Amino acid sequence: MNRHARIDSIPFIDVVAQRRRLGSRIDEAVRNVMDHCQFINGPEVGELERALSEFCGAKHSIGVASGTDALVLVLMAKRIGPGDAVICPSFTYAASPEAVALAGATPVFCEVDENTFNIDPGGIERAVAAAKRAGLKPKALMTVDLFGLPADYEAIDPVAEALGLYVIDDAAQAFGADARGRKVGTLAPLTTTSFFPAKPLGCYGDGGAVFTDDDELADLIRSLRNHGQGTDRYDNVRVGMTGRLDTIQAAVLIEKLKIFPEEIVARERIARRYNAALADVVRVPHLSNEHTCVWAQYTIRVSGGRRDALADALKADGIPTAQYYPVPSHRQGAYRDRPVAEGGLAVTERLAGEVISLPMHAYLDEPSQDRIIGAVREALRH
Ligand SMILES: *Cc1c(COP(=O)(O)O)cnc(C)c1O
């Protein structure tokens, strides 16, 4: 008999457990929307925006249709387009460079730091040089707070300022985290996030938000998400898009935001437990005393080509893993011809060959954590 046949699989991200916990609260919130039928721009959207601002401290929170739309909208608001370069890491999800390309600008890829997986402040200038050599105007720096950890803004900001780059924080994976007491949403002049179901704060479909303290940019983005609306619905003063957050998704998020702080604590506890139990067998992720991480992914590094063997061994034990990201953006068909920082991206290439993420969600109980830890240790013993 197959010894694995009886083993239950552990979910990689458990949206079902959270749904069970929230139960009738979500049902009621959705039913209220069904009753009032204001599916677009209903009262829940404004209510959520106020709750998000209270949570993160940004003056303006603007609900939008997805994390990708959030990025496109902020690039449109900053009038970044053809002929402009936006420096962004290659080691990120496809949506970061995709938004730049959708806005008509060119993503220029920069290097990340080996310990944090986030932008290496020392590599930004080499990307600006590559952008200029390609005849582009370097306009902005898109930081990505990868896997839930804020980038190093204390080091990045002076570099960006010296190079004349406007900082846009793609915090699709990091909403809820903070850096030296300041929450994501306030770490850059414009921040975006995603409420895709698998993100730390997810809705039940697609959704996202933009955060800023700038009144003018906030007005502009509110107009752009609604077909460039002026004073009323039939007044179109600029080219915009259908970029609004659905009322039903806002209603779901209002309920989910209430338990989010507890979930962040649970995620942090699990990550620290994983780190303590695995640090002697693999390279575990960076823990910081100055930042909190919301652990969108818990990502370890396995060198020497042992990654696939580890993934196979865990899979046989009913433990799913994922590789974020096995092919960095600058190697993807869609972005292969975009400029790369001078000197290349050696750290990015190495990380792409070594990273593997373990199950991580707020409802992962200790027996499941121990099963995962035991299986990783066992697989790497040989
Ligand atoms: C998920 C993600 C996005 C895009 O979010 P969507 O809501 O799926 O459009 C953008 N950037 C990063 C880094 C992401 O992880």
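Just so you know, residue 1 is the first one in the sequence shown, and it goes up from there. This is a predicted model, so every value here is computed, not measured. Counting starts at 1 for both ligands and their atoms, in listed order.
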Modelled atom types, side-chain donor and acceptor of Thr242 and His227, under 3.5 Å: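 The answer is yes; a qualifying pair exists.
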
No-hydrogen, no-angle side-chain donor-acceptor test under 3.5 Å, Arg244 and Asn226: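 Their side chains do contain a donor-acceptor pair, which is all the 3.5 Å distance test asks for.
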
Pairs flagged by side-chain hydrogen bond (donor to acceptor under 3.5 Å, both in side chains) wherever residues 66-90 is involved - sequence neighbours left out: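 Listed once each, the pairs are Asp84-Lys139, Ser90-His330.
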
Plane angle bin for Tyr325 and Phe147 - parallel if under 30°, tilted between 30 and 60°, otherwise perpendicular: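 Answer is parallel, since the angle falls under 30°.
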
Side chains of Asp235 and Gln229 in contact at under 4.5 Å (non-hydrogen atoms):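 Result no, sub-4.5 Å side-chain heavy-atom pair not found.
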
Donor-acceptor contact below 3.5 Å, side chain Asp14 vs main chain Ala17: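 Indeed, once roles are kept as given, a pair shorter than 3.5 Å links the two residues.
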
Close-range residues for ligand 1, whose non-hydrogen atoms fall below the 4.0 Å threshold: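 Ligand 1 pocket, heavy atoms under 4.0 Å: Ser66, Gly67, Thr68, Thr92, Tyr93, Ala95, Ser96, Val144, Asp170, Ala172, Gln173, Ser194, Lys199, Gly207.
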
